[in-house]
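I have placed the structure first, in the form of structure tokens, so that the comments after it can refer back to it.
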Amino acid sequence: MKKKGLLLGCLLFVFLHISGQDRYQLGIIPQINNEFSLGDRYELNSKIEMRQLLKDGPSDISAQKGFHFERSDFETILNRKLSSLDGIGLGYLLRIEEGQIIHRFIQQFAHVQNKVGFRLAHRFRGDETLEDGAWSFRLRYRLSFEKPLSGLQIDPHEFYLKINNEYLPTYAEKQLDIEIRLLVSLGYNFSEKMRLESGLDYRAENIVAKNTEHQCWLNLGWFHSF
Amino acid sequence: MILISYLNDRSTRFVSTLLFFLLFCLPYVETKGQEKLEREYRISVDKVPEKAKDFVKNTYSNTKVKWYKEESFSGFSVEAKMKWKGQLHSVEFDTLGNLQDVEVAIDFNDISKANQERVHAYLKANFQHYKISKTQLQLKGPPAQLQRIITNENQAQLEKFAINYELVVKGRHHEDNIVHFYELLVDRKGAVINRSKIVERAVNHLIF
């Protein structure tokens with residue numbers, strides 16, 4: 001009961017906050033993530049992600065895009081494994097948004113910890129984005145928690161819970177800001193090589209600036225390893 | 001440019017997204033028959049054989065117990081996990097409730113100095129670098145004897161009754177390109193009798 005009350009309180013807080021003068025966006029993000037093993041040391045990860053906006057507002061201050069296919073991301077990261085649970089990666093993302101092409105360069109270090117009954121993953125990432133001739137820079141830290149809903153480890157044909165919490169300090173147009181993301185998703189493990197996840201992804205952008213935007217996305221993820 | 005104009009065509013909108021998703025995903029659906037049958041899952045206490053319940057109740061009084069069932073090629077087993085005197089205990093039974101073994105998580109530094117040295121000597125000879133991340137004592141014997149040992153003996157005494165140690169080692173074996181996790185089975189005299197590489201589950205959904 002306490003947990004339900006806390007969750008309800010958080011949701012109420014978010015919606016009350018949104019109902020003020022902050023902007024909001026609601027939509028769907030499907031993504032396909034494929035991993036190709038390149039020997040013992042290297043692997044290539046490719047991700048295709050698309051954003052379908054369903055609604056935005058309020059009408060007086062939002063971009064008023066409405067129901068709208070917003071953007072497509074094509075990301076590739078070459079990951080060098082330091083161990084079976086740690087790796088460093090370099091990557092590139094191509095974004096097509098409203099007819100405009102955006103380039104992003106990515107560097108990351110990831111470390112996964114096996115605990116009794118759950119796993120934790122720490123991802124440290126830096127990225128540099130070139131959009132309209134201007135650069136923006138972000139430093140990102142994401143903590144992921146994964147817990148099987150049956151037993152102590154995720155076996156084939158079992159469900160699991162995944163929670164991501166990410167902090168993204170951003171430097172753009174000579175201004176510092178921060179974005180925070182929280183994803184809660186339910187996953188299904190078809191096999192050791194294939195998973196399907198679906199969950200709610202809440203993002204708060206431009207928290208320092210006065211035009212904070214709250215986003216809520218229905219996330220659909222398909223993960224496959226070759 | 002064709003791709004860009006296609007993606008920006010509002011008439012495609014949501015339908016294109018869904019079609020794209022389905023077209024790319026469906027070919028990857030694998031059949032159940034290709035998978036390795038090996039899994040463990042939580043079970044309720046009423047599905048546990050009486051014999052197993054009795055052993056746990058009489059040995060670990062007033063302790064919260066979690067029950068699991070394990071499926072593998074060799075068959076089914078039932079496992080009880082609990083914390084006892086500050087240590088994690090794992091008790092394995094067959095499906096009739098007959099006791100198979102008891103595993104107790106300990107600190108590697110708590111095993112005898114002679115056994116520590118033999119294990120370190122083996123690891124130094126076979127690994128470029130290593131770290132012992134988990135140590136378990138494996139106890140086997142008649143249920144009444146194990147019950148008496150677990151109930152009455154302290155941790156230091158338990159080692160006298162161990163038949164094997166199970167270690168998890170993070171390290172780079174001479175044959176490896178990267179660091180892996182290994183499971184070592186060590187006998188009561190400190191000799192490594194089996195080494196197997198632990199295959200980690202996929203992490204791409206956690207780090208990308």
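Only a predicted model underlies this, so the values are computations on that prediction, with no experimental measurement involved. Chain letters run A, B, ... following the sequence lines, proteins first and then strands; every chain starts at 1.
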**Q.** Which portion of Phe181(B) sits near chain A, non-hydrogen atoms under 4.5 angstrom
**A.** both
Q | Residue Asp40(A) versus chain B: region with a heavy atom under 4.5 Å | A | both
Q: Identify which of Arg142(A), Lys81(A), Glu197(A), Arg80(A) forms the greatest number of heavy-atom pairs closer than 4.5 Å to chain B.
A: Arg142(A)
Q.
Under a 3.5 Å cutoff, is there a donor and acceptor pairing between the side chains of His205(B) and Glu35(A)?
A. no
Q) Contact part of Lys162(A) toward chain B, heavy-atom cut-off under 4.5 Å: side chain, backbone, both or neither? A) side chain
Q: Indicate whether any N or O donor in one side chain lies under 3.5 Å from an N or O acceptor in the other, for Glu43(A) and Asn79(A).
A: yes
Q: Please confirm whether the backbone N or O of Asp155(A) pairs with a side-chain atom of Asn189(A), one donor and one acceptor, at under 3.5 Å?
A: yes
Q) Among Asn33(A), Leu152(A), Ile77(A), Leu53(A), who wins on heavy-atom pairs under 4.5 Å with chain B? A) Leu152(A)
Q: Would you mind checking which part of Lys81(B) comes under 4.5 Å of any heavy atom in chain A, side chain (CB onward), backbone (N, CA, C, O), both or neither?
A: side chain
Q. Of all of Val112(A), Ile154(A), Leu85(A), which one pairs up most often with chain B through heavy atoms under 4.5 Å apart?
A. Leu85(A)
Q. Relative to chain B, which segment of Tyr160(A) carries a heavy atom at a distance below 4.5 Å: side chain, backbone, both, or neither?
A. side chain
Q: Could you look at Arg119(A) and say if it's the side chain, the backbone, both or neither that has a heavy atom under 4.5 Å from chain B?
A: side chain
Q: State, without any angle test, whether His224(A) and Arg195(A) hold a side-chain donor-acceptor pair at a distance under 3.5 Å.
A: no
**Q.** Rounded distance [0.5 Å steps], CD in Glu166(A) versus CG in Leu143(A)
**A.** 10.5 Å
Q.
Is a donor from one side chain sitting under 3.5 angstrom from an acceptor on the other, for Ser144(A) and Asn164(A)?
A. yes
Q.
Pair Glu179(A), Tyr167(A) - check side chain to side chain donor-acceptor pair (under 3.5 Å), show working.
A. CA-CA 6 Å; Glu179(A) 179 183 340; Tyr167(A) 297 85; over 6 Å; no
Q.
Would you compute the distance between atom CG of Leu99(B) and atom CG of Asp94(B) and round it to the nearest 0.5 angstrom?
A. 9.0 Å
Q.
Does any backbone or side-chain atom of Lys69(B) lie under 4.5 Å from a heavy atom of chain A? Answer side chain, backbone, both or neither.
A. neither
Q.
Distance alone, cut at 3.5 Å: any donor-acceptor contact between the side chains of Tyr141(A) and Arg125(A)?
A. no
Q | Contact origin within Asn114(A) toward chain B - heavy atom pairs under 4.5 Å | A | side chain
Q) Of the backbone (N, CA, C, O) and the side chain (C-beta and beyond), which part of Asp86(A) lies under 4.5 Å from a heavy atom of chain B, both, or neither? A) side chain
Q.
Less than 4.5 Å to any heavy atom of chain B: does that hold for the side chain of Leu82(A), its backbone, both, or neither?
A. backbone
